[in-house]
Amino acid sequence: MRRGTHTMTEHQRMSFPLLSTGVPGLDEVLGGGIPEFSFNLITGTPGAGKSTLAHQIIFATASFERPALYFTVMGEPPIKVLRHQQQMSFFDIAKVGQSIHFIDLTELAITQGLGPVLEQIVQQVEALNPRIVVVDSFQAAMRASGAAECDPMNLQVFTQRLAVHLTILQATTFLIGTYLDEGQQNNPVLTIADGVFVLSQSIDRNSVVRKLQVVKSRGHGTMPGLHTFRISQAGLRVFPRASIAVAEQHQARSLGRGTTGVEGLDDLLGGGIPLGDAVLVSGPSGSGKSVLAAQFIAAGARQGEPGVIAVFEEHPSDYVRRALSLGIDLAGLEQAGVLKIIYIRPLDLSPDETLFEIREAVQAIRAKRVVIDSLTGFELALAPTFRTDFRESLYRLVGSLTGTDIMVLMTMEIVQSATDLRLSPYVISFLADNIILLRYVEIAGELRKSLRVIKMRNSDHSSHLWQYEITAQGMIVRESLMGYGISTGTGSSPSSERVEDERRIYPGLTAQELIVLHGLIALQGTSAQPLAQRIGLPEGPILTAALDRLISLRYAIRRDEADGAIYWPVAQAMG
């Protein structure tokens with residue numbers, strides 16, 4: 001190596017300082033922010049939010065020591081732009097004229113062309129030493145080039161010299177222009193620009209969806225794909241596209257299982273739900289899907305596992321009130337800080353916006369359980385643009401959550417058919433590690449609820465059909481219905497003649513309820529504890545539910561005494 005020469009080793013590589021944009025979510029897309037001293041193009045369809053994005057960046061980054069310069073070239077006059085932008089909450093009138101300077105070069109561009117425009121920009125930059133420089137708009141500069149100097153190459157010279165001067169003067173630059181169509185893809189600015197940001201909006205019926213894409217970012221890694229954003233009074237908010245890479249970083253799942261909170265269901269699942277699994281609960285209207293979801297969340301809270309419920313179909317107050325009627329105090333859990341209920345129901349929702357809301361709630365309370373109730377409502381809340389990609393959106397959403405050991409329970413409403421076994425109307429069963437199917441079956445002329453565990457990945461589970469009930473204590477799994485067909489909802493039970501005879505004498509009772517009734521008849525007035533010992537059934541929700549049902553059917557009565565509740569049989573023993 002000759003003396004005086006330098007080579008750049010890996011340890012001597014230059015790193016670009018990153019400038020925070022001040023736009024929520026955008027820095028994440030950009031891998032940390034905008035590389036300082038870079039030369040960027042913001043382009044997009046009219047009304048997509050280009051100028052608003054530029055204003056939001058300069059108001060977030062400008063200071064008295066490092067101001068921002070906003071040059072208008074044959075665009076809207078600065079006074080008109082400011083009149084509209086001052087409606088935004090990021091707008092600070094105190095910065096205008098102090099740390100943010102608006103300079104109109106329209107007349108200069110029309111009368112003298114791009115050469116004097118370039119000189120004026122460079123002079124102002126040298127005088128004020130700005131951190132950010134914005135030139136609005138790029139297409140206007142093109143028109144000025146053609147009108148004043150009639151030389152298409154002047155545009156390339158203008159762009160190259162502008163980039164060189166502003167880079168040397170250590171300014172981060174943004175050119176703003178309308179969307180570059182196919183005929184402009186060889187435009188010289190695309191070659192010169194270090195970063196190219198494309199904003200777009202699509203309108204479908206009453207739905208408006210805005211998207212942002214980083215097409216180019218020289219020497220700096222960014223998040224690929226189209227990212228949804230919204231414009232509100234607060235300005236732009238970007239919702240980075242959810243990536244399965246989040247889940248891949250945590251492929252080694254923790255061992256262990258979580259309880260469902262439903263008496264008898266954990267045994268059918270081989271001991272509960274494995275950590276980091278996604279559970280799909282499908283069933284017709286009124287089958288108890290939301291009840292199971294509420295019990296799942298409440299059981300987690302009792303074990304120190306905070307939860308998040310994303311509600312799409314009904315208002316949270318109605319959801320909380322219905323759960324309270326089953327003894328589940330969701331409002332109390334929220335007050336204790338172990339539950340967040342989020343209500344997401346706009347008609348132009350994006351999957352990434354949904355995941356953003358869920359992630360924020362998860363991070364706020366370090367949740368380990370998430371309920372999406374329901375996927376049917378979620379699909380209806382999506383903008384039409386995203387409905388065609390509903391399965392792909394769910395794949396990214398569920399994968400991003402379960403990859404961090406969060407258990408996800410999703411409900412899905414289906415229309416029960418007597419001949420067709422459908423788990424969901426979207427063919428999304430592949431997304432779930434576990435599937436629980438809720439159905440109605442007809443037994444002896446009575447419509448009853450049944451469930452079956454259809455699928456559990458890498459885990460043993462019951463394959464039988466089981467009867468369950470929604471009681472004052474919530475959902476409870478009762479007895480096996482071996483022999484009843486799930487497709488038709490009818491069939492013959494393999495019960496003994498003795499049980500069948502008793503059912504004719506005591507109509508409406510299950511085999512388990514018959515056992516409880518016999519215990520009451522034998523003891524003739526007893527509390528729950530001696531009864532449980534007599535019949536060999538644990539004292540708890542299942543026994544309480546059986547007693548409540550016997551009382552409702554007038555086979556038994558309850559008397560509250562000083563020492564507690566005493567149960568008496570009304571029926572007599574079968575002769």
Side-chain angles (χ1 to χ4, degrees), residues 20-34 42-57 60 88-90 179 195-217 221-247 308 310 312 342-363 370 372 375 377-401 426:
S20 177
T21 62
V23 178
L26 183 55
D27 287 352
E28 184 179 347
V29 171
L30 297 174
I34 295 279
I42 301 176
T43 182
T45 55
K50 303 181 297 297
S51 297
T52 301
L53 173 60
H55 280 85
Q56 193 167 349
I57 292 174
M88 298 293 184
S89 61
F90 62 74
Y179 185 72
V196 178
F197 309 92
V198 178
L199 279 62
S200 63
Q201 62 176 341
S202 60
I203 301 176
D204 191 332
R205 289 171 281 182
N206 293 325
S207 170
V208 178
V209 175
R210 302 177 187 270
K211 296 181 180 180
L212 175 145
Q213 182 180 14
V214 182
V215 175
K216 178 182 180 182
S217 181
T222 60
M223 191 178 294
L226 292 169
H227 308 278
T228 309
F229 71 93
R230 284 187 180 273
I231 299 179
S232 65
Q233 191 174 3
L236 273 76
R237 172 179 281 278
V238 180
F239 303 98
R241 180 179 173 84
S243 173
I244 299 302
V246 176
V308 171
F312 292 92
I342 54 179
Y343 181 53
I344 312 175
R345 205 178 179 181
L347 295 179
D348 55 355
L349 192 67
S350 76
D352 298 309
E353 186 173 355
T354 304
L355 182 56
F356 172 82
E357 296 286 348
I358 293 175
R359 274 180 173 172
E360 279 210 328
V362 167
Q363 293 171 0
V370 170
I372 301 175
L375 294 182
F378 177 32
E379 191 268 346
L380 291 176
L382 287 177
T385 302
F386 298 108
R387 291 180 189 172
T388 54
D389 300 324
F390 184 54
R391 289 198 301 166
E392 186 266 346
S393 300
L394 282 178
Y395 178 68
R396 291 188 291 112
L397 188 151
V398 173
S400 298
L401 293 171
Y426 305 104

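The backbone N or O of Leu236 sits less than 3.5 Å from a side-chain atom of Gln56, completing a donor-acceptor pair. A donor-acceptor pair under 3.5 Å is absent between the side-chain atoms of Gln213 and the main chain of Val196, judged by distance alone. Side-chain N or O atoms of Lys211 include none that pairs as donor or acceptor with a backbone N or O of Val198 at under 3.5 Å.
Across every non-hydrogen atom of Pro240 and Val238, the tightest pair is CD-O, 3.3 Å. Residues Ser20 and Asp27 share a closest heavy-atom pair of OG-OD2, 2.7 Å. Looking at every heavy atom in both residues, Ser89 comes nearest to Ala234 through OG-CA, 3.1 Å. In this structure, Met223 and Glu28 approach most closely via the heavy-atom pair CE-O, 3.7 Å. Annotation for Ala60 and Gly22: closest pair CB-CA, 3.7 Å, computed over non-hydrogen atoms.
Taken to the nearest 0.5 Å, the NZ atom of Lys50 stands 14.5 Å off from the CZ atom of Phe197. Considering NZ of Lys216 and OG1 of Thr222, their distance stands at 12.5 Å, rounded to 0.5 Å. In this structure, the separation between CZ on Phe239 and CD on Glu357 is 6.5 Å, given to the nearest 0.5 Å. Atom CG of Leu397 and atom CG of Leu355 lie 5.0 Å apart (nearest 0.5 Å). Interatomic distance, CD1 of Ile231 versus CG of Leu199, reported as 7.5 Å (0.5 Å rounding). Of the inter-residue distances, the one linking His227 atom NE2 with Arg241 atom CZ reads 8.0 Å to the nearest 0.5 angstrom.
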task = Let me see the working for Leu26 and Leu212 under side chain to side chain contact (heavy atoms under 4.5 Å, CB included), right down to the final yes or no.
result = CA-CA 9 Å; Leu26 183 55; Leu212 175 145; 4.2 Å; yes
query = Stepwise, does the side chain to side chain contact (heavy atoms under 4.5 Å, CB included) test hold for Phe229 with Leu53?
reply = CA-CA 11 Å; Phe229 71 93; Leu53 173 60; over 6 Å; no
request  = Please step through side chain to side chain contact (heavy atoms under 4.5 Å, CB included) for the pair Phe312 and Ile372, ending with a clear verdict.
outcome  = CA-CA 8 Å; Phe312 292 92; Ile372 301 175; 3.8 Å; yes
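Between Arg230 and Glu353, the closest side-chain pair of non-hydrogen atoms falls below 4.5 Å.
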